[in-house]
*Asks:* 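Attaching a single structure in C-alpha cells format; questions to follow.
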Amino acid sequence: MNQAVPGASSADSAPHVSFRGTQKTYDGEHLIVSDLNLDIRRGEFLTLLGPSGSGKTTCLMMLAGFETPTAGEIRLGDQVINKVPPHKRNIGMVFQNYALFPHMTVAENLRFPLAVRKLSAADIDLKVKNALDMVRLGEFAKRYPQQLSGGQQQRVALARALVFDPELVLMDEPLGALDKQLREHMQLEIKHIHQSLGVTVVFVTHDQGEALTMSDRIAVFDQGVIQQIDSPEALYERPANSFVASFIGENNALHGTVESLDGDFCRVRLDCGAEVLARAGNVAGAGVRTMLSVRPERAFLVNGPAPSVNVFAGAVKEVIYLGDHVRIRLGLAGSHDFTVKTPISQLDKSLQAGDQIQVAMDPAHISALDAPDAATAM
Amino acid sequence: MSANASSATVSGPPNTTALPLKTQLRRAERLKKLKYGALIAPLALFLLLTFLWPIGALLMRSVENPEVPEALPQTLHALAGWDRQALPGDAVFAALVADLTENKGSRTLAVAAKRLNMEEPGFRSLFMNSARKMPLEPGVAPRQALLEMDPQWGELATWQLIARNGRAYTDYFLLAALDMYRDGAGDITQADPLSSIFVDIFARTFWMSLIVTIWCLALGYPVAYLLATQSSRVSNLLMIFVLLPFWTSILVRVAAWIVLLQQGGLINMGLISLGIIDQPLQLVFNRIGVYIAMVHILLPFMILPLYSVMKGISPTYLRAAVSLGCPPFRSYWKVYFPMTVPGVAAGGLLVFIIAMGYYITPALLGSPKEQMASYFVAFYTNETTNWGMAAALSAVLLVATMILYFVYNRLVGSASSGAKPR
C-alpha cells in the first residue's frame, strides 16, 4: 500500500464536483453543514464518513438536488448546479433501501431512466441487458424486486443507477441493510465496477471498514465540518486531529503537554512524568495540552535489546486470544487501558496477567494531536 | 464409529413412528386450529344468526310462492298435465269449486287471491265473490255455475295464471325486477316500455354510485396524500377534520345540507349577496344535492384506505424516480400513483358499494328521479308489503354488485398484485 494516492495524478485537472462555502441549516439556528469546501476529482471514489448527524448525508442530498444549500455554491464540472432541479442533473443515485419500484420488474426498473431519456427501443434493450450482465443478474430480468434477495436487490439498484451512463454516482449507505458477509462481498463488487467504468463515485457511510476498503479518498465529517480528507492509509496512519484518530480504527490515547516542537516531531511530557517523542500532528507549539494517539498494532513488546526512545514499562492486565492475533491490555504510561495487538507468532506463550513487560513505539507512529476537551475525552 | 453415530441420528426418529411427515404435521397443527376456531366461533355464530341467515331467508322470499298451492291444492292436482292451449276440462272446474268451498272465508284463500291480484288486477274480487257463493246447490254443474258467476272463468288467461303459480317457487318477482314477465304460454317476455322502471332504476343506482365514487376519489386523493406526507402535527389536525363527519348522525348531516343548499339557504344567499348569481340555484331536491351530500358522507371511506396505503410508501421512491431523470409530475404519475392503486381499489370499492345501498340521503335530498334501488326495496317492504318484490330487487342488486366486484377485482387486482410496497 505504498503507492501514490490514487487519483493524485489528475489532481491538477479541473475537479468534477466542487463545494464552495456551502452551508445548510434546517431550523435557522444550527448549521448541519457549515462552510463546506470540497473538490471531488473526476473518476475517484470518495467516501463521506462520519457519525450520524455529522452532515454527510445532507452533503450528498445537496449534490443530488434534494436539499438546497442555504449559502455557497455547488459546481458540477464548470456549471453551478444550485438551481438545477434534480431530474436534470444526470447523477445516478443508489438509496439506502434501494428504492426499486415494486410495481415494475427488474428490467422495467432499469428501462425507466432510459425511457425518460427517450432512447430507441433497441438501445434501451441493449443497455438494460449490459447493465444486468454487469451485475450478473441477466436471468432475473422478469422478476419483481420483492422476489429477489437483499443482495440481488442491491445489485439491481446499482445497475439502475449506472444504466444511463451518468458520470457521477451517489450512494447513500447502500450496504447498510445487508449482513456482514454479503456486505464485504458487495464492497469489492462495487469497487471493481467503479474501477472498470471510471465513473466518479461519492459514497456515504458510517462504517469505517467499508470506507477504508473501497475509497480512493475519505472525507471524515463531524459536526458539519470535514475533519480530514485523505487516502485511507494517510487517514489511518496520520490522523489530522483527535476526532479522526478516535473515530477511525482503534486508538490508544495518552495525555500530556508539548515540551518542544522540532519540525515534524515534538517532545511530549506525559502526565505520569515520562517523556515521549512523537510525530507532530495539529499541535500548535510548546506548552499546549496534547493527546497522543497510538494504534494498538504499532506498539510492540520488547523481547531483545530495547530501542533508544519511547520505551515504557507496564503491567499486563489481561491477555485476550483472538485466533490470528492476541490483544494485551496493559497499565502503562498513565493509561489503564492501553492495548497492544501482537501477531500470534511473535508472542511469548508464558505471558500472563500481572507480568511486567516493556513496550516500545516508533515516534513516526505516535501522533501528537489536539487534546479533546474533557467532555469528549473518554 | 463416529460415522455410525452420525448416520443413526440422521435417520433416527421417523422410522419408529412410521407415520408420514404430513400426517404428523396435521396432528400437531390440529390443536392450534381448534384454538383459533374457538376464538372466532362466537363472532361467526353471531354473524350466522343475525346476518347470513336473515339475508338468506329474505333472498328466498324472492322465489317463494306458496300461496296458490296452499289455497287450491285440488285444482292444481287436476290441472297437472294440462296443455294450456284450451280451457281445462270439467274435472278442473269441479276441483276449483271443491277448493273454494273448503277454504271459503279463510286467510289462505285471501292471501292467494291477493297474490294473483298482483299479476292480474281484478283477481281478488273474482276469487272472493266466487267463494262467497259457495257451496253450490246440489246437482248444479260446477263449470256452468262458475261461468255464470263470472265470465272471466271462461277465459284461457285466468287458468294460465293459476297454472303458472301452481308451484311453490316462481321466477315472477325476479323477472319483474328486471322488467320482464312470462306470457300466457310461459315464455319470458320484455315488459312494455311504459311499465318498465326497474332496469332504469338499477342503471341510475349504478351511475349515481359511480359518479359519487369518482368525486370521492378526485377530492380524497390529494387530502390522503397530504395526510400521509405532512408532519404528524399537521396530519393529526387534518385527520380530525376528515373524521369529523363520523361524529354526527347521517340524518343531522342531511338536514344540515338542506338548510345550506335550499333556495333561501346559506349558499344561495351568499352567492346572491356577492352578486355572482341573480336567481337562487336549485341545489337541493335534485341530483346535485344528492351528489353533494353523498360525496360528503362517503369521503372518509375513500380517504382512510388511501391514507393507509400511502403511509406505507416511502418518499424515497419519488426521489429515486427524480434522480433517474424523470420530471417530478411524471415521476408522481409513473411511480407513486401505481403504488397507491391498492388504496384506490379498496376505497373505490368501499364507497361504491356503500353508495349502491344509499336510501336516506336520496330520499330526503332528491326528487323522485334520484331515488335509488334501496328506496324501492323500502317501498315494497313498508308500503305494499310485497316481500317477494322487495326481496327480488335486493337479490338483483346483490348479484349485480357481486358481478361488478369480480370484474373490478380482476381488473384492479391483477394491476396491483405486483405493487405491494415493502
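Just so it is clear, the structure is predicted and the values come from calculations on it, not from any experiment.
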*Asks:* So which of A:R117, A:Q96, A:Q147 has the biggest tally of heavy-atom pairs under 4.5 Å with chain B?
*Replies:* A:R117

*Asks:* So which heavy atom on B:Y317 is nearest to which on A:F101, and how close?
*Replies:* O-CE2, 3.4 Å

*Asks:* Are there more than 12 heavy atoms of other residues, nucleotides or ligands under 6.0 Å from atom OH of A:Y26?
*Replies:* yes

*Asks:* More than 12 non-hydrogen atoms from neighbouring residues, nucleotides or ligands closer than 6.0 Å to NZ on B:K311, yes or no?
*Replies:* yes

*Asks:* So, for B:S323 and A:F164, which heavy atoms are closest and what is the spacing to 0.1 Å?
*Replies:* O-CZ, 4.1 Å

*Asks:* Rounded to the nearest 0.5 Å, how far apart are NZ of B:K334 and CE of A:M104?
*Replies:* 7.0 Å

*Asks:* Taking all non-hydrogen atoms of both residues, which atom of B:G325 and which atom of A:V116 are closest, and how far apart?
*Replies:* O-CG1, 3.0 Å

*Asks:* Take a 6.0 Å sphere around CG of A:D27 and say whether it holds more than 12 heavy atoms from other residues, nucleotides or ligands.
*Replies:* yes

*Asks:* With rounding to the nearest 0.5 Å, note down the distance linking CZ in B:F329 to NE2 in A:H87.
*Replies:* 13.0 Å

*Asks:* How close do A:P113 and B:L324 get, counting heavy atoms only, and between which atoms?
*Replies:* CB-O, 3.5 Å

*Asks:* Are there more than 12 heavy atoms of other residues, nucleotides or ligands under 6.0 Å from atom CZ of B:F46?
*Replies:* no

*Asks:* Quick one: are B:S314 and A:F95 in side-chain contact, heavy atoms under 4.5 Å?
*Replies:* no

*Asks:* Is it the case that atom CZ in B:F337 sees more than 12 heavy atoms from other parts of the structure closer than 6.0 Å?
*Replies:* yes

*Asks:* Does A:E139 have more than 12 heavy atoms from other residues, nucleotides or ligands lying within 6.0 Å of its CD?
*Replies:* yes

